[in-house]
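Input: a single structure, listed below in C-alpha cells.
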Amino acid sequence: MIVNTELENKGNIFPNNIVSYKKDVDTFYFTTDNDVVLAMTILRDSVIRFRYTTTGTFEKDFSYAITKHASKGYNKLEIEEEAESYKISTSKLICHIKKDNLKVYIFDAKDHKLINEDELGFHWEESYEYGGNIVKMSKTSHDGESFFGLGDKPVELNLKGKRFENWVTDSYAYGKGTDPIYKAIPFYTGLHNKKAYGIFFDNSFRSYFDFCQERRNVTSFWAQGGEMNYYFIYGPKMEDVVANYTDLTGKPQQLPPLWALGFHQCKWSYYPESKVKEITSKFRELKIPCDAIYLDIDYMDGFRCFTWDKTHFPDPKRMVKELLDDGFKTVVIIDPGIKIDKEYSVFTEALENDYFCKRADGPYMKGKVWPGECYFPDFTNKKVRDWWSDLYRELIEDIGVKGVWNDMNEPAVMEVPNKTFPDDVRHEYDGNRCSHRKAHNVYGMQMARATYQGVKKFAYPKRPFVITRAAYSGTQRYTSTWTGDNVATWEHLWIANIQAQRLAMSGFSFAGSDIGGFAEQPQGELFTRWIQLGIFHPFFRVHSSGDHGNQEPWAFDEDVTNIVRKFIELRYRLLPYLYTTFWKYVEEGIPMLKSLVIFDQEDVHTHYRSDEFIFGDHILVCPILEPNARGRRMFIPRGEWFNLWTDQLVTGGKEMWVDADIETIPIFVKAGAIIPMYPVQQYVGELDIDEVALDVYYKNGKESSTLFDDAHDGYDYTKGRYSLRTFKLTGKSNELIIQQHKEGKFDAGYQRFKVKFHGLPFTVNKIQVDNEDIALSDVKMNGDNTMVIEKSFTQIHVFGH
Ligand code: GLC
C-alpha cells in the first residue's frame with residue numbers, strides 16, 4: 001500500500017512566476033518557472049479561452065462540446081507589459097495576468113470595473129492513481145453575486161450556497177436536491193453588480209462546482225482529470241452570455257419540424273397495436289389535439305433494438321402509415337444496450353466489427369439492462385456512429401417512423417452500485433483513446449449524435465426529430481431532451497418548472513418534463529396544473545410508467561379533460577409564436593424560456609425568483625404549484641402587462657395576487673406585443689390555414705414583434721424560403737401605428753390577418769391601412785375590436801379620441 005507521505009508531491013500545487021510569454025495569432029502563452037503554461041485564446045472580444053498545462057506542453061486539443069461553427073473574430077487585441085502583470089485588451093475586456101503567480105483578473109473594458117478575479121486561481125493535485133492531475137480553479141466571489149445554469153439540477157434557480165457534481169446518472173424518482181442526475185452541463189452564469197459573465201468548464205471528467213458553499217466568498221470548480229480548460233464569456237447582459245455560450249457549443253442544426261412542437265402522448269408502454277390505435281382514436285374522438293405517439297421498449301422483440309415484436313405489431317409499416325393518415329407521428333425508443341444474442345444481427349455485426357466497449361484488460365463491457373446481459377457500442381468511435389446511424393434506415397425510410405427517443409444512455413447499467421460502466425472501460429474518443437472516466441459524460445451525447453445523423457439522413461428531405469435523456473454541453477445541436485424519471489408530486493411540478501428554465505439558460509431550450517410525473521399517479525388536479533405549465537415548455541409530452549395507472553387527458557374526470565383540452569388548444573393556437581421563438585433560438589441562441597433574472601437582471605428582485613418566467617419575448621407565465629389554489633402571489637417584472645384572460649392591465653416591479661382557479665393559470669402579455677395565433681388544429685397541418693390572428697396589446701410607446709414562417713418542415717428555409725415579418729408598434733394617447741416589414745422569399749398559404757386590439761385607451765374614429773381610409777363599418781372596431789386585413793399591409797394607423 002502506498003502511504004500518502006511517500007508521494008513526492010502531495011496536496012495542492014500552484015504555478016509560480018511567469019518566465020516568458022509569446023503570442024501566436026490569437027493566443028498568448030504564459031510560461032512559469034515550474035512549467036505551467038497558460039494559453040489564452042481570444043475567440044471574440046467577449047469570449048476568451050483559458051487553458052493550462054502543468055508539463056510545459058499541451059495535449060492534442062479536442063472537444064465534443066465546441067462546435068466548428070462557433071463565431072470567431074475580434075475588433076481589438078493588444079498586449080502591454082506592466083510592472084506586475086501582462087495586460088491583454090479587447091474591445092470588451094481587459095485581462096491582467098499577474099507575473100508572480102499567473103492569477104487572472106478580468107475587467108470590463110468600458111468602465112474598467114472588475115468582473116471576475118482568481119482567488120487561488122489555477123492549481124492542481126497530482127493524481128497518483130490515474131496519472132495526470134486533479135485540476136482546480138477558484139475565483140473570488142462577492143456579496144450579492146448570484147449564479148445560474150448547470151443544466152438540469154433540481155434545485156432553486158440561483159445556485160449560490162450550493163455545491164454540485166457533473167456526472168450523468170440514471171436517477172429514477174430523483175427528488176429536489178438530488179445530485180448529480182442525467183446531464184452534465186458545466187456552464188454557469190455569474191451575475192454581479194448588474195453585469196453577467198459565463199464560465200464554461202469544458203472538461204468531460206467528473207467535475208464539481210462550488211458556489212460559496214465551502215467558503216463564503218469563493219466559487220470554485222475542479223475535475224478529476226483532464227485539463228483546466230474554461231471559456232470566459234462576457235455579457236454584460238445575461239441573455240448575451242447564454243446566447244454566446246450557445247453559439248460556442250452549438251445551436252440546433254436545424255429547426256424542428258413544426259409537428260414536434262405539438263403535443264406528444266407517451267407511456268411505458270402502449271402495446272399491442274390495438275391499444276395504440278385506441279389511444280390515438282380517443283384523441284380524435286374527444287378533439288384533443290395531438291401530434292405524436294410513442295412506442296416504449298415493449299414494441300421490440302425481447303428489447304432488442306431495431307426489431308419489432310411481431311405478435312403485438314404484425315405490420316409496423318401499415319400501422320405507422322395509418323397513424324400518420326390520422327395525423328400521428330410515431331416516435332420509437334432506442335437504448336444503447338445490445339442484447340448478447342448470437343442470432344441477433346445488430347449484435348453479431350457489432351461483434352464482428354469490434355464496435356463494443358471493452359474493459360481495460362480486454363473483455364467486453366457486459367452489463368444488464370432491459371434485455372438482460374448486453375454489450376454497448378462505443379459511440380465515441382466515428383465508425384460506430386456511422387454504423388449506428390445506418391441501422392435507422394428500415395425504421396425511418398421504410399417503416400416511416402418520424403422520431404427516435406434515446407434513453408438509458410448515461411449509460412445506465414442495472415444492478416450495479418455505480419449504475420454505470422466501471423472506470424476502466426476503454427473508449428476510442430475519436431482518436432484520443434481514454435477510459436470511461438473521461439468518456440462517461442459524453443457517451444449519451446455521442447449516441448444521440450449518431451442517432452441524429454441516421455434519422456436526419458433517412459428522413460431527408462424532412463427534418464429529423466430526436467430526444468435524449470443523457471447530455472453533455474453541445475448535445476442541443478442534435479436533439480431535444482426531457483428531464484428523466486420524475487414523480488407525480490407537487491414538488492416535482494416545481495422541479496419541472498425550474499429544470500425547463502435552467503436548461504434554457506444552459507443552452508438547451510428544447511426540453512420538457514414527463515407531464516403528470518413518470519413514477520406514481522397524479523390526481524386530476526396535479527395533472528391539470530402540469531399541463532397548464534407544460535404548454536409553455538418547448539418539448540410538450542405526457543409520459544408515465546405503466547404500472548401506475550393511466551395518464552391520458554381523459555384518465556381523470558370530465559372537468560380535467562375539458563380544461564386540459566382548452567390548454568392544449570392554447571398551445572396549438574400559439575404555435576406561430578412558439579415557432580418564431582424557436583427560430584430565434586436556432587438563429588441567435590436566445591433562450592426560449594427566460595427566467596425573470598434574464599428578462600430583467602438589473603432588478604435584484606428577480607435574482608431569487610424561480611416560479612415566473614417569460615415564454616418567448618412577450619408572454620409572462622407563472623404556474624400554480626399547490627393543490628386547492630384559487631390563485632397565487634407572483635412577481636410581475638417591471639413594465640406593463642395585460643392579463644391574458646381578462647385584459648386587465650397591471651404595472652410590474654412588484655409582487656401581487658393573481659386569481660387562477662383550476663380553469664386558468666397566471667398568464668400575462670407584455671404591453672406593445674403582437675402575438676400571432678393559429679386556429680386550433682387537431683394536429684399540425686390538419687387545416688389549410690387561411691387567416692392568422694394577430695393579437696395586438698396597446699402600449700404608450702414602442703415595441704417590436706416578429707413572426708417567422710416557412711414550410712414547417714424540410715430545408716428550403718435555409719435557402720431563403722422563409723418569411724420573417726417584423727411588426728413595429730407605436731402607441732400614443734389617441735393613436736396606434738403598426739408597421740410591417742417582410743423579409744424572405746416564402747409566401748405562407750394564408751392571405752389575411754385577423755387583427756384584434758387589446759387595451760386601446762381610446763374610442764376608434766378612423767383607421768388607415770397603407771395611408772387609405774377604411775370604412776369603420778367594414779371592421780368591428782368598436783365591437784369586439786377586430787379587423788381583418790390583407791397580410792401584405794405595410795401600415796395600420798388607428799386614430800381615436
Ligand atoms: C427509463 C426512461 C423512461 C422509459 C423507461 C422504459 O426509465 O427514463 O422514460 O419509459 O426507461 O423504457
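For reference, positions follow the sequence shown, starting with 1. In listed order, ligands and their atoms are each counted from 1.
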Atoms in ligand 1 flagged as close to W405, the criterion being non-hydrogen separation under 4.0 Å: 9 (O), 10 (O)
The single option from E552, E278, K275 that satisfies side-chain hydrogen bond (donor to acceptor under 3.5 Å, both in side chains) with Y270 is E552
R469-ligand 1 polar pair, N/O distance under 3.5 Å: yes
Any N or O of R541 closer than 3.5 Å to N or O of ligand 1: no
If you scan protein heavy atoms around atom 1 (C) of ligand 1, the nearest is D407 OD2, 3.0 Å
Which of the numbered atoms in ligand 1 are under 4.0 angstrom from any heavy atom belonging to W268? 5 (C), 6 (C), 10 (O)
Around K277, counting heavy atoms of other residues, nucleotides and ligands shown, do more than 12 lie under 6.0 Å from its NZ? yes
Quick one: pull up CD1 in I568 and CZ in R571 and give me the separation to the nearest 0.5 Å. 10.0 Å
Ignoring angles and geometry beyond distance, decide whether D335 reaches within less than 3.5 Å of ligand 1 through its nitrogen or oxygen atoms. no
Here the atoms of ligand 1 under 4.0 Å from any heavy atom belonging to H543 are 3 (C), 4 (C), 9 (O), 10 (O)
Taking atom CD of E397 as the centre, does the number of heavy atoms from other residues, nucleotides or ligands within less than 6.0 Å exceed 12? yes
Per-atom contacts of ligand 1 with W370, taking only distances under 4.0 Å to non-hydrogen atoms: 6 (C), 11 (O), 12 (O)
For W482, the atoms of ligand 1 under 4.0 Å from one of its heavy atoms are 8 (O), 9 (O)
Whether over 12 other heavy atoms sit under 6.0 Å from E285 CD: yes
What is the nearest protein non-hydrogen atom to atom 8 (O) of ligand 1, stated with its residue, atom name and distance? D485 OD1, 2.5 Å
Check the surroundings of atom CZ in F458: do more than 12 heavy atoms from other residues, nucleotides or ligands lie under 6.0 Å from it? yes
Check ligand 1 against I333 and write out every atom of the ligand that is under 4.0 Å from a heavy-atom position of the residue. 12 (O)
In this structure, atom 4 (C) of ligand 1 is nearest to the protein heavy atom D296 OD2, 3.4 Å
Have a look at F328 and tell me which of V276, I293, D291 forms a side chain to side chain contact (heavy atoms under 4.5 Å, CB included) with it. I293
Say whether F518 and ligand 1 are in contact under the criterion: heavy-atom distance to a ligand atom below 4.0 Å. yes
Tell me, yes or no, whether the heavy-atom count around Q523 atom CD, taken from other residues, nucleotides or ligands under 6.0 Å, exceeds 12. no
Checking the side chain of N409 only, and the main-chain atoms of A448 only, is there a donor and an acceptor separated by less than 3.5 Å? no
